[in-house]
Amino acid sequence: EKGTYPHYMLKEIDEQPFVIRNIIQQYQNEDGNLKLEESIRQAMKDTDRIYIVACGTSYHAGLVGKQFIEKMAGIPVEVHIASEFCYNMPLLSKKPLFIFISQSGETADSRAVLVQVKKMGYKALTLTNVPGSTLSREADYTLPLYAGPEIAVASTKAYIAQLAVLAILAVDTARAQGLSLDFEPLKELGIVANAIETLCDNKDEMKKIADEFLSTHHNAFFLGRGIDFYVCLEGALKLKEISYIQAEGFAGGELKHGPIALIEKDTPVVALSTQKQLDLNIRGNVKEVVARGANPCIISMEGMENEGDRFTIPAVHEMLTPLVSVVPMQLISYYAALHRGCDVDKPRNLAKSVTVE
Ligand code: F6R
């Protein structure tokens, strides 16, 4: 039930710190070590390349998951949109492992790929919020997301749950290979939970940004580099699906190769900067769009802030910033949709679970 909340989406955004804390508990042994089924550990050990398959927001989680797994565990990962997989089928490695990411576990596009993968005799692992769902039953292994039921059509808490579980999987795989990591995932996720809580206590600022900066416009840019780019794709999807503002996420470096032609006076540009080594470059991109009249909204991370930044997220481990930086994007989208009188929980033309291909 949504209780005193006007919308499920807002309730589900607010639940995110609890979701992270729940995941920490569920994936922890009595001795404080990570708890993962031995068969999953073995499957991760046995593979020479991982193929992540998903749609929409879950696909965006997969892009971040690729970074986690490649950087921490050193296994190559490809991320594929489920509906394209059959036509644009990659050449498979000798020992592929498929990871399906799906909040509902019922998405038809992903199910079609799983059926094909099973026919070819490969192993599959499903990350889902609904254990017992089709994608969970038909895969060899399941990692539950423990986010609790997600009712709003726009996915929020399931996305951060997907990221948290992917981070845990990546660390566990690295450890199983004897790699030493300068990363204590459960401790770092605890810091993430606190950071999200701080952001959820700061909604007024997000509402202001949405009201003043976005609500009256027809289009918006989201710019990021590296892992921030993936969060920008998710931020743009969130905004477009619930507020109907045309929003696109771009890699900062791609601007000059086309998208910058769209910048006009007052075009809203959200720029995300949470990675120290990319900070100068993304700020350079902001200068380029401002020179063409854009109205920038820079979201940076504590310790990296510059004068003129609109908002700063609390500092967390540089690998885990997407779990935190997506929260202002979710809230800005929510308030922009509210301002425009949209049906936040049930946006037009969309269904919570897409069971047709
Ligand atoms: C966006 C959204 C969709 C879903 C997509 C996949 O907010 O919710 O893009 O992420 O339809 O759904 P699942 O994760 O259930 O497979």
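For ligands, and for the atoms within them, numbers begin at 1 and follow the listed sequence. Computed over heavy atoms, backbone and side chain alike; hydrogens, waters and symmetry mates excluded.
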Contacts of Thr142 that satisfy side chain to side chain donor-acceptor pair (under 3.5 Å) - sequence neighbours left out: Ser136

Just how far is it from atom CG of Leu214 to atom OG of Ser333, taken to the nearest 0.5 Å? 8.0 Å

Do the side chain of Gln103 and the main chain of Tyr159 share a donor and acceptor less than 3.5 angstrom apart? no

Would you list the pairs meeting salt bridge (charged side-chain N to carboxylate O under 4.0 Å, His left out) in which at least one residue belongs to residues 53-75, sequence neighbours left out? Lys66-Glu70

Residues around ligand 1, heavy atom under 4.0 Å from any ligand atom, sorted by chain and number. Can you pull those? Cys55, Gly56, Thr57, Ser58, Ser102, Gln103, Ser104, Thr107, Val153, Ala154, Ser155, Lys238, Glu241

Show the atom names and distances, to 0.1 Å, of all donor-acceptor pairs under 3.5 Å that link a side chain in residues 225-232 to residues at least two apart or in another chain.
{"unit_1": "Arg225", "atom_1": "NE", "unit_2": "Asn285", "atom_2": "OD1", "d": "3.0"}
{"unit_1": "Arg225", "atom_1": "NH2", "unit_2": "Asn285", "atom_2": "OD1", "d": "3.1"}
{"unit_1": "Asp228", "atom_1": "OD1", "unit_2": "Thr274", "atom_2": "OG1", "d": "2.7"}
{"unit_1": "Asp228", "atom_1": "OD2", "unit_2": "Thr274", "atom_2": "N", "d": "2.9"}
{"unit_1": "Asp228", "atom_1": "OD2", "unit_2": "Thr274", "atom_2": "OG1", "d": "3.4"}

Using a 3.5 Å distance criterion without hydrogens, assess whether the side chain of Thr198 forms a donor-acceptor pair with backbone atoms of Asn194. yes

